[in-house]
Amino acid sequence: MGHWDVIVVGLGAMGSATTAMLARQGARVLGLEAFEPLHTRGSSHGRSRIIREAYFESPEYVPLVRRAYELWRELEEISGRRLLRITGGLNIGRPESAFVSGALESARRHGIPHEVLDAASAARRFPALRLPEDFVAVYESNAGVLDPEACIEAFQSVARGRGAVLRFNEPARHWAVEGSSVVVESDGGIERADRLVLTPGPWAPEVLSGLPVPLEVQRVVNVHFAPSQPAHFEADRLPVYLLDVPEGDYYGFPALPGQGIKFGRHDAGEACTPETIRREVSGEEVASLQAVLNRYLPGAADRVLWTLTCMYTMTPDAHFVIDRHPEWPQVLIGCGFSGHGFKFASVVGEILADLALQGRTRHPIDFLSLRRFANGGVSVGGTGGQ
């Protein structure tokens, strides 16, 4: 049995960021992951994620995402890898839609530079768009694209370089608090630590089954399309975009090198678990996404390049959970990122490292506390395969 300052269970985006931040502060860190590095069974795989500052979900996220930008740039410098590409971003819909009104609220409250374009102005500025006359688009210049797998590799490299031990294909089977320590049983044996950080991704409903928050995992489909005229959709002519249309809520990317145009639906995913998720994408699902994309960006979805699935781990209010375990202060939790968490991974790692080592963080995370949910029974330990 080893004794560590902190054990981190789950080495997706949040866990890998946490191990890096802990190791950079000199902590003795063990990271455990049930699968191989950069596996595709969770929520952190793929080649692109959107990052944006005029945050429609709530203005309370803006200070966090601003710090996330700083930390992504810092990680680029440390790792020598390009992780973030600025493209600008559009929130598109009718003026009363949450995508538009929420982005404007965040932009105005926090002084984020932005423009509001009517449908005709948006089409002149970004010729790929064909929007209904009553639509508007909120443009912010600082939005862009993160390379998720490169980000995770960079975090893991930093963690190892600062002395962290990362073990893959080693599921954590059980954890329990014993006195002032936490004991974790994995397939590799039993380890003890002063603190435990749980970042289990879509395994959270199982690993954290005793928490007073209902978590639901949803299957999400993405399709990469080849456009009919690639130059028309490249990043210098089309930013990332969120699209609130009668068919639903969608997100999309410009045509990126080797990727085509990635497009997915944000608001409609069937309930699943990591074990029961349908990995195959049906022809009907592809056709539905293709039709919507071509309706508002004609020619964007000429043919299919590839499809993929991932999972959203949803809280009831679609906001994250970053907090201490309500019964065991030695245990820190990051879960329920509800389909919009990846961009925050860098700052989430900093926050969880702060909480584990200093017992507090300077970042404003009260709105992400477990206290917002009704009290419920909590268990002494947890089981799971992540």
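Atoms considered below: every heavy atom in the structure, side chains included; atoms not considered: hydrogens, waters and symmetry mates.
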Side-chain touch E178/R192, heavy atoms, less than 4.5 angstrom: yes
Within 6.0 angstrom of E270 CD, more than 12 heavy atoms from elsewhere: yes
Spacing of CG belonging to L368 relative to CG belonging to L64, to within rounding of 0.5 Å: 6.5 Å
Side-chain heavy-atom pair V9, I7 within 4.5 angstrom cut-off: yes
Derivation of the side chain to side chain contact (heavy atoms under 4.5 Å, CB included) call for T307 and H224: CA-CA 6 Å; T307 65; H224 286 254; over 6 Å; no
Minimum-distance pair of heavy atoms, taken over all atoms of Q290 and A301: NE2-O, 2.9 Å
ring-ring contact (aromatic ring centres under 6.0 Å, His included) partner of F263, chosen from F225, F233, Y250: Y250
Parallel, tilted or perpendicular: rings of F344 and Y55 (30°, 60°): perpendicular
Cation-aromatic face contact R49/F342, 6.0 Å, 45 degrees: yes
Stepwise ring-ring contact (aromatic ring centres under 6.0 Å, His included) test for Y241 and F253: CA-CA 6 Å; Y241 47 94; F253 295 75; 7.8 Å; no
Rounded distance (nearest 0.5 Å) linking atom CZ of R195 with atom CH2 of W328: 13.5 Å
Whether H232 side chain and P230 backbone form a donor-acceptor pair below 3.5 Å: no
Name of the residue among E33, R167, R173, E170 meeting side-chain hydrogen bond (donor to acceptor under 3.5 Å, both in side chains) with S186: E170
N-O pairing of E70 and R67 below 4.0 Å: yes
Ion pair check, R81 and E153, cut-off under 4.0 Å: yes
Greater than 12 external heavy atoms within 6.0 Å of E96's CD: yes
Partners meeting ring pair (Phe, Tyr, Trp, His ring centres under 6.0 Å) with H319 (sequence neighbours left out): Y61
Atom pair CG (L166) and OG (S16), whose distance is rounded to the nearest 0.5 Å: 7.0 Å
Steps toward side chain to side chain contact (heavy atoms under 4.5 Å, CB included) verdict (I190, V184): CA-CA 6 Å; I190 296 175; V184 178; over 6 Å; no
Salt-bridge contact E285-R278 (side-chain N to carboxylate O under 4.0 Å): yes
Pair S369, D366: side-chain N/O donor-acceptor within cut-off below 3.5 Å: no
Salt bridge flag under 4.0 Å for residues E105 and R109: yes
Side-chain H-bond candidate by donor/acceptor type, D354 with H363, under 3.5 Å: no
Side chain to side chain, I50 and H340, heavy atoms closer than 4.5 Å: no
Nearest-0.5 Å distance, CD of residue E140 to CD1 of residue I86: 9.0 Å
S209-E206 side chain donor-acceptor pair, cut-off 3.5 Å: no
Heavy-atom pair of closest approach, residues P246 and F135: CD-CZ, 4.2 Å
Interatomic distance, L90 atom CG to L117 atom CG [nearest 0.5 angstrom]: 7.0 Å
Option from L211, L370, L198 for which side-chain contact (heavy atoms from CB on, under 4.5 Å) with H325 holds: L211
Under 3.5 Å side-chain donor-acceptor pair for S157 and R160: no
Nearest non-hydrogen partners of S44 and P148, listed with the distance: O-CB, 3.7 Å
Check: W4/E191 side-chain N/O donor and acceptor closer than 3.5 Å: yes
Plane angle bin for F155 and W72 - parallel if under 30°, tilted between 30 and 60°, otherwise perpendicular: tilted
Pairwise side-chain contact, H266 with L242, heavy-atom cut-off 4.5 Å (strictly under): no
R279 CZ: over 12 foreign heavy atoms closer than 6.0 Å: yes
Salt-bridge present (K343, E53; N to O < 4.0 Å): no
Common cluster, V331/L215, ILVMFWY with side-chain heavy-atom separation under 4.5 Å: yes
Euclidean distance, L332 CG relative to L355 CG, rounded to 0.5 Å: 5.0 Å
Chi angles and distances behind the side chain to side chain contact (heavy atoms under 4.5 Å, CB included) call for Q259, S48: CA-CA 9 Å; Q259 300 187 45; S48 54; 3.6 Å; yes
Row check, F367 ring normal vs R372 NZ/CZ: under 6.0 Å, within 45°: no
Under 3.5 Å: donor-acceptor pair, side chain of R324, backbone of Q330: no
With T276 via side chain to side chain donor-acceptor pair (under 3.5 Å) - residues at least two apart: T273
Carboxylate-amine/guanidinium proximity below 4.0 Å for E350 and R24: no
Heavy-atom check, side chain of S338 versus side chain of T313, under 4.5 Å: no
L38 with M311, same ILVMFWY side-chain cluster at under 4.5 Å: no
Salt bridge (Lys or Arg N to Asp or Glu O under 4.0 Å) assessment of R237 paired with E234: CA-CA 6 Å; R237 303 188 70 188; E234 291 178 351; over 6 Å; no
Contact list for residues 88-109, test ring pair (Phe, Tyr, Trp, His ring centres under 6.0 Å), sequence neighbours left out: F56-F99
Closest non-hydrogen atom pair, Y251 against V221: OH-O, 4.4 Å
Exercise: do E247 and Y296 side chains pair donor with acceptor under 3.5 Å: yes
Step-by-step side chain to side chain contact (heavy atoms under 4.5 Å, CB included) determination, L289 to R265: CA-CA 8 Å; L289 290 173; R265 185 165 181 176; 4.3 Å; yes
Non-hydrogen atoms of P59 and P63 that approach each other most closely: O-CD, 3.7 Å
V116 reachable from Y139 in the ILVMFWY side-chain graph, under 4.5 Å edges: no
Least distance between heavy atoms, G46 atom then E149 atom: N-OE2, 2.9 Å
Validation row: L352, M21 side chains within 4.5 angstrom (heavy atoms): no
